[in-house]
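Take a look at the structure below.
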Amino acid sequence: MINPAPSFHHEQGTDLDSVSVASQDRVTPLPALAEQARGRLRTMVEQHWDFIWRLLRRLGVRSDQADDAAQEVFMVAMRRVEEIQHGSERSFLFGTALRVASDRRRAAARHPAIDDPDFDRIASDSADPESELDDARARALLDRVLDELDDELRAVFVLFELDGMTMREIAELHGIPAGTAASRLRRAREQFEAAVRRLRARSQRGDA
Amino acid sequence: MSDPKRLLDRGTDPLSAKLLRSGLRDAPDARSRGKAIAALGLAAASGTVAGSAAATVSSKALPAAWLVLLKWFGLGVIGGAVTIGAVRLSSPEPTAPAQAPVAPTQVAAVQPSAPSRIPIVSSAETAPPPPSAPPVVASTPQTPRTLAEEVASLDAARKLLSAGDPSGALAALDRHRRDFPGGALGPEAMLVRLEALMAAGRQEEARALGQRFLDAHPDSPLQGRVRTLIGATSIP
């Protein structure tokens, strides 16, 4: 289930913040899929779910929203399966994921979360809360640092540094020349380093 | 030009390394993919041999050689359907019913060249034939309501509206909201509600609903449609 936007949800039970991507094409019911399309969609989910989930998470979607966001990506694919060229499934999903993540970050900025759910769960359930909290805190700080990167640089950065994709794969995924991908990685690394420096400075001052 | 070394491989300051390593562990919950498949209405029906490459057996499409093989394995072709003992596998109609979220039962394609790989369908359950009317999928407490069901529910409301029954459409929308709180088609449902309210002569409510949306979502691509529906003339 997609999380509702608090300000609008109670009255009408609608989630309007996830509107933009799913409705960009047309606001009509999802098509009934022919068997072949269903099979194709299902294969896409089997093959690319983990990748898309991780990507969304690393593009700033909160961990408790990542399942919904990933479903949203595949819903868009469902609507537009006819347009997806065979062999280009991952590129299509990638492009969709970029938009979904961007929409969700904008929405999150308007309705900031007060508590990070992971911290609560760890504090109550974990067998080793100290080290889990340490990991969780590091992950939250990574989110904050990555948030400071420009969107298009962030994608190249996480795919290369965290997913281990090659620069050639990354360029193909984006549909950009290899040189452009390399340039984005360079700039992304500069922004990452600068953000880490600022983080270090803030924590030394005691206000990170 | 070969790729640069990754920051974690090349070595970087301890803080950067710690942050990046924390991101390496990102992974979805083991069940989330299965849940997504179910929610998207892509789950295979029970009694099938698992495999996304499963093809549907249609008696019309079966070449003669396959029919011989099927008989060899004690399978019969009766009245357009392949029957295995107590299991009845129906072949789909050429034009499948529009809203069937229950997939026609599928059987992995018989491979004439490799008879040893012909799978035995293990389930002895009788598979239901594809429904011709909009199907009612029994939803137990454990069954997630699928997107396909949500689509069908909203479609029912739309049909009532097109048929000139806005009150019926609004009642259907209330049921839809109750059945799918926070559902994926929220925005679409909101638009249908706007149209229904206008058609029912409840313009003030429609404008209030529409205006709240416009105020809350200045960047939404639905802005234009909502404005048109409620006849808003001023741009905030």
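Chain A is the first sequence line, chain B the second, and so forth, proteins listed ahead of strands; every chain is numbered from 1. These numbers come from a predicted model, not from an experiment.
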Can you list every pair that meets ring pair (Phe, Tyr, Trp, His ring centres under 6.0 Å) and has a residue in residues 4-40 of chain B, with sequence neighbours left out?
none
Any ion pair linking B:Arg31 and A:Asp67 (charged N to carboxylate O, less than 4.0 Å)?
no
A:Phe51, part contacting chain B, at a heavy-atom distance under 4.5 Å:
neither
Looking at B:Leu154, B:Leu8, B:Thr12, B:Asp13, which one has more heavy-atom pairs under 4.5 Å with chain A than the rest?
B:Asp13
Between atom CH2 of A:Trp49 and atom OG of B:Ser32, what is the distance when rounded to the nearest 0.5 Å?
5.0 Å
Taking every non-hydrogen atom, the tightest pair across A:Glu193 and B:Arg10:
OE2-NH2, 4.3 Å
Shortest non-hydrogen contact from A:Arg38 to B:Ala43?
NH2-O, 3.5 Å
Looking at A:Arg168, I want to see if its CZ is surrounded by more than 12 non-hydrogen atoms of other residues, nucleotides or ligands under 6.0 Å.
no
What part of A:Leu185 lies closer than 4.5 angstrom to a heavy atom of chain B: side chain, backbone, both or neither?
side chain
Assess whether side-chain contact (heavy atoms from CB on, under 4.5 Å) is satisfied between A:Arg42 and B:Ile37, documenting all intermediate values.
CA-CA 7 Å; A:Arg42 192 193 160 126; B:Ile37 287 176; 4.0 Å; yes
For A:Thr166, does its backbone N or O pair with a side-chain atom of B:Asp3 as donor and acceptor, under 3.5 Å?
no
Select one option (side chain, backbone, both, neither) describing which atoms of A:Val158 are under 4.5 Å from chain B's heavy atoms.
neither
In chain order, what residues pass the side-chain contact (heavy atoms from CB on, under 4.5 Å) check against A:Ala101, with sequence neighbours excluded?
A:Leu56, A:Leu59, A:Val61, A:Arg105
Shortest non-hydrogen contact from B:Leu42 toward A:Met78
CD2-CE, 4.4 Å
With heavy-atom distances below 4.5 Å as the criterion, would you say the side chains of A:Val45 and B:Leu40 are in contact?
yes
Is there a side-chain contact between A:Met167 and B:Pro4, using heavy atoms and a 4.5 Å cut-off?
yes
Distance-only, no hydrogens or angles: does the B:Arg33 side chain make a donor-acceptor pair with backbone N or O of A:Asp50 under 3.5 Å?
no
Enumerate by number any residue of residues 19-28 of chain B whose heavy atoms lie under 4.5 Å from heavy atoms of chain A; in the absence of such residues, state 'none'.
B:Leu19, B:Leu20, B:Ser22, B:Gly23, B:Leu24, B:Arg25, B:Asp26, B:Ala27, B:Pro28
With rounding to the nearest 0.5 Å, note down the distance linking NZ in B:Lys18 to CG in A:Leu142.
12.5 Å
Against chain A, label B:Leu7 side chain, backbone, both or neither, depending on which of its atoms sit under 4.5 Å from a heavy atom there.
both
Does B:Asp174 have any salt bridge (charged side-chain N to carboxylate O under 4.0 Å, His left out) partners at least two apart in sequence or in another chain, and if so, which?
B:Arg177, B:Arg193
